[in-house]
Amino acid sequence: MTVEAVSAPAVSYGRLIPVTVHFDDLDALGLLHNARYPLLVERAWTELWHEHGVRFDGDWVAAGDACNAVRELRIGYEAPVTSPGRYAVHLWLDRLGTTGLTYGFRFCSADGAETYARGARVLVRLDAATLRPAPWSEGFRAVAQELLRPAD
């Protein structure tokens with residue numbers, strides 16, 4: 001038996017990354033625990049950047065663009081997730097600056113049709129030696145440009 005990769009449906013901007021909610025992600029009421037949403041978003045973001053070679057393997061200097069810190073996180077909950085299963089995280093960039101970026105996200109149904117939560121997160125790229133803001137690399141910026149949400 002072979003297992004085929006499940007491809008995420010197309011979105012008009014950004015990327016839709018499949019995620020799985022497990023039984024132990026639910027709280028005592030049987031709802032996805034509020035703290036799990038940012039965790040699942042982080043896992044989706046990490047998977048997206050791993051596809052492009054951006055990763056942390058224990059060496060902050062070698063991590064390059066993966067050496068970053070969260071400056072701000074905002075999330076709003078729109079509908080409860082009431083069961084384990086396959087879902088998705090829609091990721092995009094709202095802003096790409098010299099040393100920081102703001103990305104938007106939606107935690108949604110696997111096909112992207114239903115939204116359960118949405119939010120934004122601000123990241124700052126850091127110099128590993130000084131922990132001061134540092135510019136994103138050109139390679140990172142090239143990939144990030146493809147994730148920018150079109151202006152309304």
Side-chain angles (χ1 to χ4, degrees), residues 5-22 25-27 31-81 85-152:
V6 177
S7 62
V11 288
S12 61
Y13 59 90
R15 288 275 308 279
L16 201 59
I17 306 293
V19 296
T20 301
V21 170
H22 298 277
D25 292 322
L26 305 180
D27 65 15
L31 306 175
L32 180 59
H33 191 282
N34 68 83
R36 296 294 194 186
Y37 289 85
L39 175 69
L40 291 164
V41 169
E42 175 70 17
R43 288 177 180 166
W45 190 246
T46 298
E47 181 178 324
L48 184 149
W49 285 109
H50 276 189
E51 292 174 11
H52 299 285
V54 178
R55 68 186 68 227
F56 174 68
D57 292 323
D59 179 350
W60 284 116
V61 174
D65 294 302
C67 185
N68 58 65
V70 176
R71 184 174 187 277
E72 180 180 337
L73 172 66
R74 295 182 316 274
I75 186 168
Y77 304 96
E78 298 184 11
V81 171
R86 293 185 181 196
Y87 294 87
V89 176
H90 179 194
L91 296 170
W92 66 87
L93 289 181
D94 284 322
R95 183 189 67 82
L96 176 61
T98 302
T99 62
L101 61 79
T102 303
Y103 75 79
F105 63 88
R106 286 187 315 121
F107 189 90
C108 52
S109 56
D111 64 2
E114 185 172 359
T115 300
Y116 300 101
R118 69 176 71 237
R121 191 162 130 171
V122 178
L123 295 179
V124 177
R125 163 74 162 88
L126 299 176
D127 177 275
T130 65
L131 298 182
R132 300 292 306 149
W136 302 107
S137 71
E138 289 305 313
F140 182 93
R141 294 182 69 73
V143 173
Q145 291 287 337
E146 298 173 12
L147 297 170
L148 282 169
R149 180 179 184 171
D152 294 332

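Here Y116 pairs with Y87 under the ring pair (Phe, Tyr, Trp, His ring centres under 6.0 Å) rule; sequence neighbours left out. Qualifying side-chain hydrogen bond (donor to acceptor under 3.5 Å, both in side chains) partners for R74, counting only residues two or more places apart in sequence or in other chains: E72. Remark: D27 pairs with no residue by the side-chain hydrogen bond (donor to acceptor under 3.5 Å, both in side chains) rule, at least two apart or across chains. In this structure, W136 has no side-chain hydrogen bond (donor to acceptor under 3.5 Å, both in side chains) partners at least two apart in sequence or on a different chain. Legend: residues meeting ring pair (Phe, Tyr, Trp, His ring centres under 6.0 Å) with F105, ordered by chain and number and at least two apart, are absent. Every side chain to side chain contact (heavy atoms under 4.5 Å, CB included) that T130 has, sequence neighbours left out, goes to D127, R132. Qualifying side-chain hydrogen bond (donor to acceptor under 3.5 Å, both in side chains) partners for N68, counting only residues two or more places apart in sequence or in other chains: none. Partners of A35 by side chain to side chain contact (heavy atoms under 4.5 Å, CB included), not counting sequence neighbours, listed by chain and number: H33. By the ring pair (Phe, Tyr, Trp, His ring centres under 6.0 Å) test, Y13 is found to be paired with H90, W92, residues two or more places apart in sequence or in another chain being considered.
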With side chain to side chain contact (heavy atoms under 4.5 Å, CB included) as the test, would you mind laying out the steps for L91 and L147 before giving the verdict?
-> CA-CA 8 Å; L91 296 170; L147 297 170; over 6 Å; no

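No donor-acceptor contact under 3.5 angstrom links the side chains of R86 and T20, judged on distance only.
Listed by first and then second residue, the salt bridge (Lys or Arg N to Asp or Glu O under 4.0 Å) pairs that reach into residues 113-125 are E42-R121, D65-R125, E78-R118, sequence neighbours excluded. Contacts classified as salt bridge (Lys or Arg N to Asp or Glu O under 4.0 Å) and involving residues 44-54 (residues at least two apart or in different chains) are given here: R15-E51.
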Going by atom type alone, with no hydrogens or angles, which donor-acceptor pairs under 3.5 Å involve a side-chain atom of residues 53-63 and a protein atom two or more places apart or on another chain?
| residue | atom | partner | partner atom | Å |
| --- | --- | --- | --- | --- |
| R55 | NH2 | H50 | O | 3.0 |
| D59 | OD1 | V61 | N | 3.0 |
| D59 | OD1 | A62 | N | 3.3 |

